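What you see below is based on every heavy atom in this structure, not just the backbone, and it leaves out hydrogens, waters and symmetry mates. Labels below follow one simple rule: chain letters A, B, ... track the order of the sequence lines, proteins then strands, and each chain is numbered from 1. Being a predicted model, the structure only gives us computed values, none of them experimental.
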There are 2 protein chains.
Amino acid sequence: MDHNIPDPSVRRLSAYLRQLERLAGEGTRHVSSRQLAGYIKAGDAQVRRDLALFGQFGRRGVGYEVDDLINVLRTILGTRQRQWPVVVVGAGEICHALLTYRGFRQRGFDVVAAFDIDPKKIGRTIGGVDVLPMEDCAPVIQRLEVRLAILAVPADAADETARRLCECGIEGILNFATTGLEVPEGVFVSEADITSHLEQLSFRLTSHRP
Amino acid sequence: MDHNIPDPSVRRLSAYLRQLERLAGEGTRHVSSRQLAGYIKAGDAQVRRDLALFGQFGRRGVGYEVDDLINVLRTILGTRQRQWPVVVVGAGEICHALLTYRGFRQRGFDVVAAFDIDPKKIGRTIGGVDVLPMEDCAPVIQRLEVRLAILAVPADAADETARRLCECGIEGILNFATTGLEVPEGVFVSEADITSHLEQLSFRLTSHRP
DNA sequence: GTCCGTTTGTGATAAATTTCACGATCAGGG
DNA sequence: CCCTGATCGTGAAATTTATCACAAACGGAC
């Protein structure tokens, strides 16, 4: 089992997990690769291949057991054994939305603190999470062994803030800023810029014939 | 010039545009494919290939003119000629964050209305945008010729709401819900589920050796 | 116990995407 | 004017990713 798992496969694994959780909620016990493929835009062989990257989890002639597969996928994605502590940097509107969203915990993520440089925001508590001064980020990250950060600061502060987070030992950044980040080797960035998402859509709705 | 532009290329085009806008802001006039590639994780040939899918925009020995390339990319992505009206469905925290974000307009998107079913939310104005009852979505979408929607409702309402939007003529949905959507042929969906993004990161930080 | 319809796992194949490598073009300097 | 260093555009090659297709395995019916 090697390290070179393609990004698209990992994205699909998340998507499978979403569907399986829904099926489990509805009481469904078994599911086939064909069904699972139907929910997202993919073929059944694709589903089996994605899973085959990590082992054999189904039974021929039967399919997959929903609960089993949920556990398998959580293990693969790293959210089964542990709860990941996460910090949010930048206590603006996005931060507010993140801190009041109750769904992270049950999916393996736990927002433990928010940071900002604005004294007016520092000291507040949003959704049970304290907004702390940016200076405190290093000790908090180290003490709580935080490896993931969500970056929700204005574009012009993003790169500098990211650099600082990496110095504190952050290894994965979910980036809501519009800027691309420059991070050291070994730090992963996932881009969540909403405008880019909208551009994907406007591109597809725009005719590209000469 | 055909229709089969790979998704990864479109994502990178957005990323190039982000960098170019930054460079323009700093007063930079010219940029090479190598520089542009340096900002995102890619090779210089990759940059040139992506652009070559649509034409020839550089000058050999010189590189690309920043302003020109910005216009080219906006044209390609569909945000140069027109301003895209967008509706947000679900007036929760995410909606609040979207409506108070001032950056959409300058990138070609214009949130024209928000919808909700909760009477307590209807009638408010957030960031200059009115929250309207869900019943009004069909006439508003048709009158303003809205083709893009941002879906920010709870997971259990997502699929039904998406179906309804498609009936109103929506052709592209940016989906913040955790559920995968089932949409008719010809409707594009871009997934923005934050948990999935975090899972991408936790996967990469999790060791995958036997 | 055997047959039948179903579904997985996977080798082989096909398709898509990325990288390589080089000729063509350009600006600047001597 | 011609040489030099830089850079694009792109055919060809390499690599990665997705699909096909079929043997193996399973449950249920009879």
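Annotation for B/Leu151 and B/Ala158: closest pair CD2-O, 3.7 Å, computed over non-hydrogen atoms. In terms of heavy-atom proximity, A/Asp159 sits nearest to A/Glu182 at OD1-N, 3.1 Å. The minimum heavy-atom distance linking B/Ser202 with A/Phe109 is given by the pair OG-CZ, 3.8 Å.
Atom pair A/Phe54:CZ and C/dT10:P shows a separation of 14 Å (rounding to whole Å applied). Distance CG (B/Leu51) to P (D/dT7): 16 Å, rounded to an integer number of Å. Spacing between atom CD of B/Glu65 and atom P of C/dC26 amounts to 16 Å, rounded to whole angstrom units. If you take CG of B/Asp44 and P of C/dT19, they are 10 Å apart, rounded to a whole angstrom. For B/Arg34 and D/dC8, the CZ to C1' distance is 13 Å, given to the nearest whole Å. When the C1' atom of C/dT25 is taken as reference, atom CZ of B/Arg60 falls 6 Å away, rounded to whole Å. Atom CG of A/Leu53 is separated from atom P of D/dT16 by 14 Å (rounded to the nearest Å). We find that CZ of B/Arg12 is positioned 4 Å from P of C/dT18, with the value rounded to whole Å.
Positionally, the nearest nucleotide of DNA chain C for A/Val62 lies more toward the 5' end than for the other of A/Ala45 and A/Val62.
Residue B/Gln46 places at least one side-chain N or O under 4.0 Å from the OP1 or OP2 atom of C/dT19. Taking only side-chain nitrogens and oxygens, A/Tyr64 comes nearer than 4.0 Å to OP1 or OP2 of C/dG9. Dashed line: the shortest gap from a side-chain N or O of B/Ser33 to OP1 or OP2 of D/dT7 is not under 4.0 Å. Within the structure, every side-chain polar atom (N or O) of A/Gln56 is placed at least 4.0 Å from both OP1 and OP2 of D/dA25.
Ion pair B/Glu199/A/Arg11 not flagged as a salt bridge, since none of the NZ, NE, NH1 or NH2 atoms sits closer than 4.0 Å to an Asp/Glu carboxylate oxygen.
B/Arg49 comes within 4.0 angstrom of a base, heavy atoms only. Across all strands, A/Arg48 comes closer than 4.0 Å to base atoms (heavy-atom distances).
B/Leu77 CG to A/Leu198 CG: the interatomic distance, rounded to the nearest 0.5 Å, is 11.5 Å.
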